[in-house]
Asker: 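Sharing a structure below in structure tokens format, with a few things to ask.
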Amino acid sequence: MSYIYKTKGTCSSQIEVELDGDVVKKVEFTGGCKGNLQAIPRLVEGMTVDEVTRRISGIQCGVKGTSCGDQLAKALQAAYEAGKVQGTSA
């Protein structure tokens with residue numbers, strides 16, 4: 001299941017995620033710090049939504065109160081919940 005999340009409070013403007021049940025298959029950021037936002041997807045692909053959320057939820061970038069990692073955790077949770085509603089999540 002593919003899902004697009006509009007970020008809030010970060011340099012990236014959106015995150016496209018693809019889940020297979022609760023497993024992260026693909027992550028793609030639009031905008032933001034190119035190097036970091038290429039590294040994050042490589043680190044989290046293959047992990048479960050819960051594992052990614054546990055590791056990166058709440059990380060802050062400066063005084064923004066959020067970060068691209070924190071927004072990714074929110075995006076994955078939203079995608080997983082949307083998949084449950086649609087009946088495509090495990």
Side-chain angles (χ1 to χ4, degrees):
M1 180 191 108
S2 185
Y3 185 86
I4 295 177
Y5 180 84
K6 300 289 185 184
T7 60
K8 298 161 191 73
T10 61
C11 298
S12 62
S13 59
Q14 74 178 29
I15 307 168
E16 183 175 353
V17 299
E18 185 177 325
L19 300 179
D20 182 5
D22 69 340
V23 177
V24 180
K25 290 295 179 189
K26 178 182 174 189
V27 174
E28 187 174 317
F29 287 86
T30 300
C33 304
K34 189 169 176 76
N36 286 337
L37 300 182
Q38 288 178 40
I40 292 172
R42 291 182 189 186
L43 293 170
V44 303
E45 288 170 0
M47 295 172 70
T48 65
V49 170
D50 285 343
E51 181 68 11
V52 174
T53 300
R54 184 182 68 77
R55 290 175 180 249
I56 65 176
S57 183
I59 292 175
Q60 295 186 22
C61 182
V63 296
K64 295 179 183 181
T66 191
S67 66
C68 290
D70 183 55
Q71 290 293 297
L72 175 58
K74 292 177 184 338
L76 292 173
Q77 288 291 324
Y80 183 69
E81 291 302 318
K84 286 194 328 191
V85 169
Q86 294 176 0
T88 59
S89 290

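One-based numbering along the sequence shown. Reckoned from all heavy atoms, side chains included, excluding hydrogens, waters and symmetry mates.
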Asker: Could you list the residues that satisfy side-chain contact (heavy atoms from CB on, under 4.5 Å) with R55, not counting sequence neighbours?
Answerer: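 Partners of R55 under the side-chain contact (heavy atoms from CB on, under 4.5 Å) test: M47, E51.
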
Asker: Using atom types as modelled, flag every donor-acceptor pair under 3.5 Å from a side chain in residues 24-44 to any protein atom, sequence neighbours excluded.
Answerer:
none

Asker: Starting at NZ of K74, measure out to CG of L76 and round the result to the nearest 0.5 Å.
Answerer: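 Atom-to-atom, K74:NZ and L76:CG are 11.5 Å apart.
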
Asker: For E18, enumerate each residue passing the side-chain hydrogen bond (donor to acceptor under 3.5 Å, both in side chains) test, keeping only those at least two apart in sequence or located in another chain.
Answerer: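 side-chain hydrogen bond (donor to acceptor under 3.5 Å, both in side chains) check on E18 returns nothing, list empty.
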
Asker: Find out whether Y5 and V17 are in side-chain contact, i.e. whether some heavy atom of one side chain is under 4.5 Å from a heavy atom of the other.
Answerer: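 In short, these two side chains do not touch, never coming nearer than 4.5 Å.
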
Asker: Can you name the nearest heavy-atom pair linking Y3 to A78, along with the distance?
Answerer: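 Closest approach of Y3 to A78: OH-CB, 3.5 Å.
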
Asker: Where is the tightest heavy-atom contact between M1 and G83, given as atom of each residue plus distance?
Answerer: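 Smallest heavy-atom distance, with atoms named: SD-CA, 3.3 Å.
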
Asker: Look up atom NZ in K6 and atom NZ in K8, then write down how far apart they are to the nearest 0.5 Å.
Answerer: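 Going from the NZ atom of K6 to the NZ atom of K8 covers 10.0 Å.
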
Asker: Can you list, pair by pair, the side-chain donor-acceptor contacts under 3.5 Å of residues 57-68, counting residues two or more places apart and other chains?
Answerer:
{"residue": "T66", "atom": "OG1", "partner": "D70", "partner atom": "OD2", "Å": "2.7"}
{"residue": "T66", "atom": "OG1", "partner": "Q71", "partner atom": "NE2", "Å": "3.0"}
{"residue": "S67", "atom": "OG", "partner": "I59", "partner atom": "O", "Å": "2.8"}
{"residue": "S67", "atom": "OG", "partner": "G69", "partner atom": "N", "Å": "3.4"}
{"residue": "S67", "atom": "OG", "partner": "D70", "partner atom": "N", "Å": "3.0"}

Asker: For T48, what residues pass the side-chain hydrogen bond (donor to acceptor under 3.5 Å, both in side chains) criterion, not counting sequence neighbours?
Answerer: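 By the side-chain hydrogen bond (donor to acceptor under 3.5 Å, both in side chains) rule, T48 matches no residue at all.
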
